[in-house]
Amino acid sequence: MTAIDSPRRRPRTFWADARFLVGIVFIAISIAGVWFVVAAARQTEPVYAATRTIVPGEAVAPSDLRVVDVALGPARRSYLSASALEDALVATRTIGEGELVPVDAVGGAGDARTTSVVVRSTTDVSEAIGVGTRVEVWYAPPLDRDTFEAPRILVADATVARVSRDDAMVGRPTATLELVIARADVATILGAQSDGSVLSVVPIAGATP
């Protein structure tokens with residue numbers, strides 16, 4: 001009785017070994033890519049955040065800012081870094097308390113196009129109005145001593161820097177507000193105050209700083 005010869009195994013080809021090695025390389029690349037993404041996401045950089053609400057035209061001092069470490073990735077260049085604070089910076093828009101300070105929210109003092117004026121509202125102002133609120137200034141020009149024209153908008157967009165409510169007057173509370181306005185609107189405001197117009201300040205519905 002003769003033994004049945006067992007089939008011979010075919011030797012592994014070079015191409016099979018090459019595919020195995022390529023697979024190992026792809027796995028290594030995938031692992032390295034995931035590690036790189038995770039490592040990049042964990043990297044933080046120091047940037048500035050506002051410690052209080054800063055309104056347009058206000059000087060931005062180091063005491064108004066605090067350094068926070070955040071992971072911003074590619075967006076890091078859009079925010080004021082802890083190493084980039086310069087002297088004589090002013091806010092070009094309202095920066096909310098706790099907000100990271102965008103680079104485009106500050107500028108040089110010579111670039112300011114706003115100033116502040118004090119307005120006394122002859123009517124009480126909404127409780128919603130506070131520092132940083134965007135408001136409209138309405139006025140009613142006088143016709144004679146006791147009558148006035150219909151109210152209309154005097155300044156369409158101003159920002160509240162400070163507000164002081166006066167509830168001492170029984171039945172007619174008033175408020176005094178420091179408003180940040182465009183320099184071009186200064187003469188308009190001062191003219192309305194000097195001619196005895198009735199001024200009222202109201203918040204802009206749905207406005208954001």
Side-chain angles (χ1 to χ4, degrees), residues 49-61 63-65 78 80 88-209:
T51 59
R52 64 178 182 86
T53 299
I54 306 171
V55 298
E58 259 193 307
V60 181
S63 59
D64 300 322
L65 307 171
S78 299
L80 195 67
L89 285 180
V90 298
T92 57
R93 69 160 177 81
T94 300
I95 305 170
E97 182 179 352
E99 179 185 354
L100 298 182
V101 181
V103 172
D104 60 4
V106 296
D111 299 329
R113 297 292 182 267
T114 59
T115 189
S116 59
V117 295
V118 175
V119 171
R120 186 173 182 83
S121 176
T122 53
T123 59
D124 193 15
V125 296
S126 167
E127 290 294 332
I129 291 179
V131 175
T133 304
R134 290 174 55 197
V135 296
E136 297 171 337
V137 180
W138 288 67
Y139 80 120
L143 288 173
D144 52 44
R145 183 175 180 180
D146 297 316
T147 58
F148 299 85
E149 297 181 24
R152 51 185 181 270
I153 292 179
L154 180 66
V155 175
D157 194 349
T159 303
V160 177
R162 290 177 182 78
V163 57
S164 175
R165 294 174 172 83
D166 183 4
D167 299 324
M169 298 181 66
V170 178
R172 193 180 180 184
T174 61
T176 301
L177 305 96
E178 181 181 345
L179 302 179
V180 178
I181 61 174
R183 291 184 182 277
D185 291 329
V186 173
T188 302
I189 287 282
L190 296 181
Q193 289 178 322
S194 64
D195 70 11
S197 295
V198 173
L199 301 179
S200 299
V201 178
V202 298
I204 298 175
T208 56

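Atom set for the values below is all heavy atoms of this structure, side chains included, hydrogens, waters and symmetry mates excluded. These numbers were taken from a predicted model, which means no experiment stands behind them.
Contact between V125 and V201 at its shortest, heavy atoms only, is CG1-O, 3.9 Å. In plain terms, the two heavy atoms of A161 and V55 that are nearest each other are CB-CG2, 3.9 Å. When all heavy atoms of S126 and R165 are compared, the closest pair comes out as O-NH2, 2.7 Å. Counting all heavy atoms, side chain and backbone alike, R120 lies closest to T176 at NH1-OG1, 3.1 Å. Between L143 and E149 the shortest heavy-atom distance is CD2-CG, 3.5 Å. Taking all atoms of both residues into account, the shortest heavy-atom contact from L89 to G108 is CD2-N, 4.4 Å.
To the nearest 0.5 Å, atoms CD1 (I54) and CZ (R93) are separated by 10.5 Å. Between atom OH of residue Y139 and atom CZ of residue R152 there is a gap of 4.0 Å, rounded to the nearest 0.5 Å. The structure places OG1 of T133 at 9.5 Å from CG of L177, a figure rounded to the nearest 0.5 Å. Going from atom CG of D124 over to atom OG of S200 covers 10.5 Å, rounded to the nearest 0.5 Å. Taking CD1 of I204 as the reference point, atom CG of D157 lies at 4.0 Å (rounded to 0.5 Å). Note that CD of E136 is 12.0 Å distant from CG of L179, once rounded to the nearest 0.5 Å.
Distance alone, capped at 3.5 Å, is enough to place a donor-acceptor pair between the S121 side chain and the T123 backbone. Looking at T94, its side chain never comes within 3.5 Å of a backbone N or O of T53 through a donor-acceptor pair. Of the possible polar contacts, none joining the Q193 side chain to the L199 backbone as a donor-acceptor pair under 3.5 Å is found.
The side-chain contact (heavy atoms from CB on, under 4.5 Å) test applied to V101 returns Y48, L65, L80, I95, V106, not counting sequence neighbours. The salt bridge (Lys or Arg N to Asp or Glu O under 4.0 Å) search around D185 returns none, not counting sequence neighbours.
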(request) Give the intermediate values and the outcome of side-chain contact (heavy atoms from CB on, under 4.5 Å) for residues I189 and L154. (result) CA-CA 8 Å; I189 287 282; L154 180 66; 3.9 Å; yes
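Between P141 and S197, the closest side-chain pair of non-hydrogen atoms falls below 4.5 Å.
Within a 6.0 Å sphere centred on CZ of R162, other residues, nucleotides and ligands contribute 12 heavy atoms or fewer.
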